[in-house]
Novice: 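My questions will all concern the structure given below.
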Amino acid sequence: ACFDTAFHATMPAAARTYALPEAWRARWGLQRYGFHGLSHSWSARRGPVVAGVEGRRTVVCHLGSGASLCAVLDGRSVDTTMGFTPLEGLVMGTRSGTVDPGLVLWLLEHTPLTAAEVEDGLTRRSGLAGLSGTDGDLRAVLAGIQRGDERARLALDVMLHRLVREIGAMAASLGGLDLLVFTAGIGERAPLVRAEVAARLGHLGVAIDPAANDDATGDADLSAPGAAARTVVVTAREDLEIARQVRDRLT
């Protein structure tokens, strides 16, 4: 079995530990496990090849219906945005991402919502879907923006705000940024998102070539000439990562 959390087993204690009572952590294994490990592992190796650089300090952006970031230092995961469950972190298609836990407690104490209803709301009716009134597909959100829908505009702005903020956090965990990798459905096929993110990360040395960004298909280097941090798109290939891990175990 190839576990989607395994790549994050190298995270240091400071990154994986929740500030919870020790008895809870010991009894129930409460810690940050992270997810999308197969995608992050593949992209962290493939990204430097596409960029033609070493990429010691790499942030991988797995952006799809589910979304997470991973800070990769010398090929090892040292931080990520998902935690005990895939609900933590970025704003996703239908998932809220990180919210104040006190908000959840308030809902359970002061509203008629049951725990099951809160879970359903956070997991299946939040994120881009909850903000925009669409099904959560980014294409529907972008179409709404074209029609002048303010809810769709807010949905994209909230998603981008959280995404840029968390990329900065991952870069902080790495002590800098050499390589930014976009992968998965949105990462590979939404040049607008890539352009918006790059425009807000100039302080980290990120700069992309607009034509390369618009024309990118498959694996592609988007970096502007002279950019201090390189930016690439990598096609998600969890299947090849699984095959590699199986092969390594058998040889």
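The basis for the numbers below is simple: all heavy atoms, side chains too, and nothing from hydrogens, waters or symmetry mates.
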Novice: Looking at side-chain heavy atoms only, is the closest gap between Val141 and Asp137 below 4.5 Å?
Specialist: no
Novice: Looking at residues at least two apart in the chain, or sitting in another chain, which of them share a salt bridge (charged side-chain N to carboxylate O under 4.0 Å, His left out) with Glu88?
Specialist: Arg32
Novice: Excluding sequence neighbours, so at least two apart, what forms side chain to side chain donor-acceptor pair (under 3.5 Å) with Ser223?
Specialist: Asp221, Arg230
Novice: Not counting sequence neighbours, which residues clear salt bridge (charged side-chain N to carboxylate O under 4.0 Å, His left out) with Arg16? List them please.
Specialist: none
Novice: In sequence, state the C-alpha distance, the side-chain angles, and the governing distance for Asp79 and Leu174, and then conclude on side chain to side chain contact (heavy atoms under 4.5 Å, CB included).
Specialist: CA-CA 9 Å; Asp79 206 351; Leu174 293 168; over 6 Å; no
Novice: Take Ile167 and Cys61 through the side chain to side chain contact (heavy atoms under 4.5 Å, CB included) test and state the conclusion after the steps.
Specialist: CA-CA 8 Å; Ile167 291 173; Cys61 307; 3.8 Å; yes
Novice: So, does Ser132 use its side chain to make a donor-acceptor pair with the main chain of Ala152 at under 3.5 Å?
Specialist: no
Novice: Is there a salt bridge (charged side-chain N to carboxylate O under 4.0 Å, His left out) between Glu196 and Arg200? Walk through the geometry before answering.
Specialist: CA-CA 7 Å; Glu196 290 280 351; Arg200 304 179 193 195; 3.2 Å; yes
Novice: If you look only at pairs with a residue in residues 42-63, which of them pass as a salt bridge (Lys or Arg N to Asp or Glu O under 4.0 Å), with sequence neighbours excluded?
Specialist: Arg45-Glu241, Arg46-Asp219, Arg56-Asp74, Arg57-Asp178
Novice: Give a yes or no on whether a salt bridge exists between Arg153 and Asp149, defined as a side-chain N under 4.0 angstrom from a carboxylate O.
Specialist: no
Novice: One pair to check against side chain to side chain contact (heavy atoms under 4.5 Å, CB included): Trp42 and Leu240. What are the steps and the verdict?
Specialist: CA-CA 8 Å; Trp42 168 260; Leu240 293 183; 3.6 Å; yes
Novice: Between Leu179 and Val232, is there a side-chain heavy-atom distance shorter than 4.5 Å?
Specialist: yes
Novice: Donor-acceptor pair, Glu117 side chain versus Thr114 backbone, under 3.5 Å?
Specialist: yes
Novice: Can a donor-acceptor pair be found between the side chains of Ser68 and His40 at a distance below 3.5 Å?
Specialist: yes
Novice: Holding to side chain to side chain contact (heavy atoms under 4.5 Å, CB included), I want the full list of residues that pass it with Arg247, two or more places apart in sequence or in another chain.
Specialist: Arg244, Thr251
Novice: Under a 3.5 Å distance rule, please check whether Asp4 uses its side chain to pair with a backbone N or O of Gly37 as donor and acceptor.
Specialist: yes
Novice: Determine whether the side chains of His62 and Thr183 contain a donor N or O and an acceptor N or O closer than 3.5 Å.
Specialist: no
Novice: Would you please name every residue forming a ring-ring contact (aromatic ring centres under 6.0 Å, His included) with His110, sequence neighbours left out?
Specialist: Trp106
Novice: Can you tell me if Thr80 uses its side chain to pair, donor with acceptor, with the backbone of Gly34 under 3.5 Å?
Specialist: no
